[in-house]
Amino acid sequence: MIVAIVVGLAIGLWPVHANVFGDATYSCGSGFIHSTHDWNVDSTALQFQRSGDETATGLPASICPDKVDSRRDLALLVMAFSLAIGLLSTLFLERPRARNFRSTMFANGRRSAVRAPMPPRRPQPKDTSIP
């Protein structure tokens, strides 16, 4: 379960690259850490640089959200699935533990301990000389 959560975190934090106009290896950020402000600023800067690479399909503001959201969703799905499987396996596969001697003695000793009776209270003398 822990390994799958670490894998999910690695997927979510791995950098996402996109092929945009003017920059073939534009870094969109990662699934968990990204900036839409940077995408908008870079989109206005790269808007008129459509020469060069013909495989580019758009600007960062239009391409990066889909790539980043799909990476984040995959990471969250892996982590949620592993957490669910881990919790279900601990519920259904847990074996009853054998009680050891020390725990049974302590539990029984606490229940059966009888306290000694308290001594009877002595009546307080009523002395009128004390104000």
Side-chain angles (χ1 to χ4, degrees):
M1 178 173 83
I2 294 172
V3 172
I5 290 176
V6 169
V7 168
L9 282 174
I11 290 171
L13 293 173
W14 198 265
V16 178
H17 296 284
N19 188 3
V20 299
F21 294 125
D23 191 359
T25 59
Y26 182 80
S27 177
C28 295
S30 68
F32 294 141
I33 303 170
H34 55 273
S35 172
T36 57
H37 175 71
D38 290 343
W39 298 338
N40 293 331
V41 169
D42 293 341
S43 291
T44 57
L46 297 173
Q47 185 173 8
F48 299 109
Q49 296 182 9
R50 294 187 183 214
S51 61
D53 194 7
E54 294 180 6
T55 60
T57 56
L59 295 171
S62 62
I63 293 177
C64 287
D66 293 335
K67 288 191 173 225
V68 167
D69 289 345
S70 64
R71 182 73 60 98
R72 183 196 63 218
D73 292 344
L74 176 64
L76 291 175
L77 180 70
V78 167
M79 289 190 295
F81 187 72
S82 68
L83 185 64
I85 294 297
L87 291 176
L88 288 174
S89 66
T90 57
L91 286 175
F92 293 125
L93 299 177
E94 185 177 354
R95 295 181 183 139
R97 295 180 184 160
R99 298 183 71 153
N100 58 10
F101 180 73
R102 186 173 16 135
S103 66
T104 56
M105 281 298 288
F106 181 68
N108 292 337
R110 282 181 41 195
R111 281 190 222 129
S112 65
V114 178
R115 292 184 182 178
M118 296 287 292
R121 294 185 71 184
R122 295 184 198 151
Q124 295 292 329
K126 295 187 179 184
D127 189 16
T128 59
S129 64
I130 300 176

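Remember, predicted model here, so these are calculated numbers, not experimental data.
Heavy-atom minimum distance, Ala61 versus Asn40: CB-OD1, 3.5 Å. A pairwise comparison of heavy atoms in Leu46 and Pro60 identifies CD1-CG, 4.2 Å as the closest pair. Heavy-atom minimum distance, Val41 versus Thr44: O-OG1, 2.7 Å. Closest approach of Lys67 to Val16, counting heavy atoms only: CB-CG1, 3.7 Å.
For the atom pair Arg71 CZ and Cys28 SG, the distance stands at 10.0 Å (nearest 0.5 Å). To the nearest 0.5 Å, the span separating CG on Leu74 from CG on Asp69 amounts to 12.5 Å.
Side chains of Pro65 and Thr36 form no contact here, defined as non-hydrogen atoms less than 4.5 Å apart. When side chains are defined from C-beta on, Arg72 counts as touching Phe32, because their heavy atoms get closer than 4.5 Å. Side-chain contact between Ile85 and Met1: absent, with no pair of heavy atoms (C-beta onward) separated by less than 4.5 Å.
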Original post:
Going through the checks in order, is the side chain to side chain donor-acceptor pair (under 3.5 Å) test met by Asp42 and Tyr26?
Top reply: CA-CA 10 Å; Asp42 293 341; Tyr26 182 80; 2.5 Å; yes
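Summarising the local packing, CD1 of Ile2 is surrounded by 12 or fewer heavy atoms from other residues, nucleotides or ligands at distances under 6.0 Å.
For the pair Ser43 (side chain) and Leu59 (backbone), a donor-acceptor distance under 3.5 Å is absent. Side chain of Ser82 to main chain of Val78: a donor-acceptor pair is present (N/O by atom type, distance under 3.5 Å, no hydrogens or angles).
Note on Met79: it does not cluster hydrophobically with Leu77, by side-chain heavy-atom contacts below 4.5 Å among ILVMFWY residues. The cluster map of Ile, Leu, Val, Met, Phe, Trp and Tyr, joined by side-chain heavy atoms under 4.5 Å apart, puts Ile63 and Trp39 in the same cluster. Put simply, Ile11 and Leu76 are part of two different groups of oily side chains (I, L, V, M, F, W, Y) that touch within less than 4.5 Å, one to the next. Linking ILVMFWY residues whenever their side-chain heavy atoms come closer than 4.5 Å, directly or via other members, places Leu9 and Ile33 in the same cluster.
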